[in-house]
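Below: one structure in structure tokens.
Atoms within each ligand, like the ligands themselves, are counted from 1 in listed order. FYI, the numbering just counts along the sequence from 1. Heavy-atom basis, side chains included; hydrogens, waters and symmetry copies ignored.
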Amino acid sequence: MEKKTIIKAPSEILYREELEALKKIDSGKKPPGWQLSPNAVRTFILGSGKSELKNQDKAITVQQKFYGDDSLIDRCIVTLISNRGLLLVGEPGTAKSMLSELLCAAISGTSTTTIQGTAGTTEDQIKYSWNYALLLSQGPGLASLVPAPVYTGLTEGMIVRFEEITRCQPEIQDTLISIMSDKILHIPELKGEQSTVCAIKGFNILATANVRDRGVHEMSSALKRRFNFETVFPIKDKQIEMKLIHEQTTLLLGEVDIDMEIPLNVLDVLVTTFHDLKNGQTEDGIVIEKPTTVMSTAEAVAVGVSAGIDAYYFGKQRLEPGHIARQIMGTVFKDDPEDMKKFRHYFHTVVKKRANQSREWKDFWNSAQWLERK
Ligand SMILES: Nc1ncnc2c1ncn2[C@@H]1O[C@H](COP(=O)(O)OP(=O)(O)O)[C@@H](O)[C@H]1O
Ligand SMILES: [Mg+2]
């Protein structure tokens with residue numbers, strides 16, 4: 001039988017070598033309950049630049065994982081040491097989840113103590129629940145308690161991730177208030193000492209929320225006071241975004257066993273299209289209507305990966321702008337017919353003109369003729 005392989009390992013496994021090397025050389029003071037010093041956590045996320053770390057005679061360079069505002073990372077680390085939680089807010093696809101995973105992997109050694117916020121999230125999924133068979137046979141006791149992320153984080157002294165917190169009902173979000181201020185979890189079903197679980201040092205909450213979800217469920221002002229808010233902005237610099245999309249696309253294609261060169265001139269068509277539509281204006285000043293859909297770096301990577309797969313299996317194993325044109329609709333444009341109109345308009349005004357000037361844009365234009373039928 002063919003060997004089964006996992007799709008994506010959590011950050012602490014993916015970057016195990018880097019984390020081990022950082023731990024070995026880390027001489028800085030560690031906050032209580034932390035696996036690494038604040039400086040080492042920073043290096044893990046922002047990279048070691050050209051300097052190499054040694055781990056058992058092996059030289060390791062820590063790769064840069066987050067691009068953008070370096071001081072944001074410092075502020076995140078400071079908040080996580082303090083007695084307040086950290087809430088990362090921003091547009092979808094700005095690497096909030098990635099950052100929260102990396103911070104937890106570096107600080108607590110695990111990033112999987114995670115609650116995924118949805119409209120259906122219950123208190124049980126946040127704090128703890130019961131194994132009913134054991135509860136009936138043995139009565140309430142720690143043996144029949146099934147820990148959920150907050151219980152685990154509290155008792156192990158770890159950071160708990162709470163993804164998309166504002167998608168939960170406000171009364172469910174509010175179960176965090178007393179835990180975050182008193183650092184105590186009450187279990188009324190248990191008697192005596194067992195009914196009060198005190199947090200071990202190292203425990204904190206790292207939540208994320210999308211600004212697009214604002215208004216789905218507001219956060220109560222009492223809970224807001226327990227968090228420091230940090231906004232994660234999209235990458236502004238086109239060159240940095242190109243580099244990141246190139247790296248990520250190559251990496252993700254590698255995960256489906258596709259080893260393919262991503263030509264920068266082809267990637268430029270993708271990134272420029274995204275920038276134009278996101279900004280509502282081209283670099284040479286032509287105003288276009290912005291689509292409502294999310295056009296984040298993550299979405300650009302998704303288009304790049306689909307285009308790569310298309311080129312590999314249905315093309316000549318060489319990525320062309322035409323593959324990007326074929327994949328951009330399904331990946332980016334979901335269900336707003338107005339967006340389709342705006343995109344078609346962009347093609348007729350901007351892309352058509354560029355098609356006369358370069359081979360890449362010509363291929364992009366030619367392959368998008370099917371847009372007319374949409
Ligand atoms: N500033 C950035 N630095 C590094 N990667 C980024 C950045 N912005 C976006 N990305 C890419 O976008 C991907 C998706 O981000 P994700 O964490 O899911 O976003 P969010 O949770 O904000 O919606 C990341 O895994 C990464 O590949
Ligand atoms: Mg996310």
Q. Looking at ligand 1, does G90 have a heavy atom less than 4.0 Å from it?
A.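 Flag not set, G90 not near ligand 1.
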
Q: Would you check if F44 and I107 make a side-chain contact, meaning some heavy-atom pair closer than 4.5 Å?
A: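 Side-chain contact under 4.5 Å: no.
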
Q | Any donor-acceptor N/O pair, D124 side chain to S129 backbone, under 3.5 Å | A |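 Not at all, since once roles are kept as given, no pair shorter than 3.5 Å links the two residues.
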
(Q) Does the residue E101 have a heavy-atom contact with ligand 1, meaning some pair of atoms that are separated by less than 4.0 Å? (A)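 Under 4.0 Å: no for E101.
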
Q) Under a 4.5 Å cut-off applied to non-hydrogen side-chain atoms, are R161 and S100 in contact? A)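 Yes, side chains in contact.
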
Q: Return yes or no for this condition: an N or O of N210 is under 3.5 Å from an N or O of ligand 1.
A: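 No; the residue has no nitrogen or oxygen that sits under 3.5 Å from a nitrogen or oxygen of the ligand.
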
Q. Under 3.5 Å, N or O to N or O, is T94 touching ligand 1 that way?
A.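 Indeed, backbone or side chain, T94 has an N or O that close.
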
**Q.** E241 and its side-chain contact (heavy atoms from CB on, under 4.5 Å) partner, picked from K236, H275, H246
**A.**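 Only match with E241 under side-chain contact (heavy atoms from CB on, under 4.5 Å): H275.
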
Q. Between L99 and ligand 1, which residue portion shows a heavy-atom distance shorter than 4.0 Å: side chain, backbone, both, or neither?
A.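 Looking at L99 and ligand 1, no heavy atom falls under 4.0 Å.
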
Q) Relative to the heavy atoms of I235, which atoms of ligand 1 are at a distance of less than 4.0 Å? A)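 Reading through ligand 1 atom by atom, the close ones are 1 (N), 2 (C), 7 (C).
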
Q.
When you group the ILVMFWY residues by side-chain heavy-atom contacts below 4.5 Å and let the links chain together, are F274 and M329 in the same group?
A.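 Cluster IDs for M329 and F274 match.
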
Q.
Give me the nearest non-hydrogen protein atom to atom 4 (C) of ligand 1 as residue plus atom name, then the distance to 0.1 Å.
A.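 The closest heavy atom on the protein side is K65 O, 3.2 Å.
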
(Q) When you measure from the side chain of T208 to the backbone of E164, do you find a donor-acceptor pair of N or O atoms at a distance under 3.5 Å? (A)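 Answer holds: yes.
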
Q) What protein heavy atom sits nearest atom 7 (C) of ligand 1, and how far off is it? A)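 Looking only at protein heavy atoms, the one closest to atom 7 (C) of ligand 1 is A95 CB, 3.5 Å.
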
Q: Measure the shortest side-chain to side-chain distance between E123 and E171 over non-hydrogen atoms and say whether it is less than 4.5 angstrom.
A: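 The answer is no; the side chains never approach within 4.5 Å.
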
**Q.** Protein residue, atom and distance nearest to atom 22 (O) of ligand 1, heavy-atom basis
**A.**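 Scanning the protein heavy atoms, the shortest distance from atom 22 (O) of ligand 1 goes to K96 NZ, 2.6 Å.
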
Q: Can you sort out which atoms of ligand 1 are near A298, meaning under 4.0 Å from one of its heavy atoms?
A: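 Atoms satisfying the 4.0 Å criterion: 12 (O), 13 (C), 14 (C).
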
Q. What residue and heavy atom of the protein are closest to atom 2 (C) of ligand 1, and at what distance?
A.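 Nearest protein contact, heavy atoms only, for atom 2 (C) of ligand 1 is Y67 O, 3.5 Å.
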
Q: Scan L176, L80, I179 and name whichever one has a side-chain contact (heavy atoms from CB on, under 4.5 Å) with I205.
A: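 Among L176, L80, I179, the one meeting side-chain contact (heavy atoms from CB on, under 4.5 Å) with I205 is L176.
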
(Q) Within the structure, is a non-hydrogen atom of V301 found at a distance of less than 4.0 Å from ligand 1? (A)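 Distance cut 4.0 Å: V301 fails for ligand 1.
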
Q.
Can you confirm whether L36 sits close enough to K23 that some side-chain heavy atom of one is under 4.5 Å from a side-chain heavy atom of the other?
A.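 In short, these two side chains touch, coming nearer than 4.5 Å.
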
(Q) Quick one: does any side-chain atom of E18 pair with a main-chain N or O of Q63 as donor and acceptor, under 3.5 Å? (A)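 Pair found, side chain donor or acceptor close to backbone of Q63.
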
Q) Does S97 bring an N, O or S atom to within less than 2.8 Å of the Mg ion (ligand 2)? A)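 Of the N, O and S atoms in S97, at least one lies under 2.8 Å from the Mg ion (ligand 2), which means yes.
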
Q: Give the residue, atom name and distance (to 0.1 Å) of the protein heavy atom nearest atom 18 (O) of ligand 1.
A: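 Scanning the protein heavy atoms, the shortest distance from atom 18 (O) of ligand 1 goes to S97 CB, 4.1 Å.
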
Q | Residues K65, E247; criterion salt bridge (Lys or Arg N to Asp or Glu O under 4.0 Å); working and verdict | A | CA-CA 10 Å; K65 301 168 192 76; E247 265 174 30; over 6 Å; no

Q. Can an N or O of G93 be found at a distance shorter than 3.5 Å from an N or O of ligand 1?
A.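 Yes, at least one N or O pair falls under 3.5 Å.
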
Q | atom 6 (C) of ligand 1: the protein heavy-atom neighbour that sits closest, reported with distance to 0.1 Å | A |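 Result: L244 CD2, 3.4 Å.
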
Q | Per-atom contacts of ligand 1 with M98, taking only distances under 4.0 Å to non-hydrogen atoms | A |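 Those atoms are 4 (C), 5 (N), 17 (O), 24 (C), 25 (O), 26 (C).
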
Q. Does any N/O atom on P92 come nearer than 3.5 Å to any N/O atom on ligand 1?
A.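 Checking ligand 1 against P92, no N or O pair falls under 3.5 Å apart.
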
Q) Under 4.0 Å from ligand 1, counting heavy atoms only, is it the side chain of Q248, its backbone, both or neither? A)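 The answer is the side chain.
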
Q | F227 and F229 aromatic ring geometry - parallel, tilted or perpendicular at 30°/60° bounds | A |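 Perpendicular, since the angle between the ring planes exceeds 60°.
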
**Q.** Ligand-side contact atoms (ligand 1) for residue partner T297, heavy atom cut-off under 4.0 Å
**A.**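 Those qualifying, in numeric order: 9 (C).
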
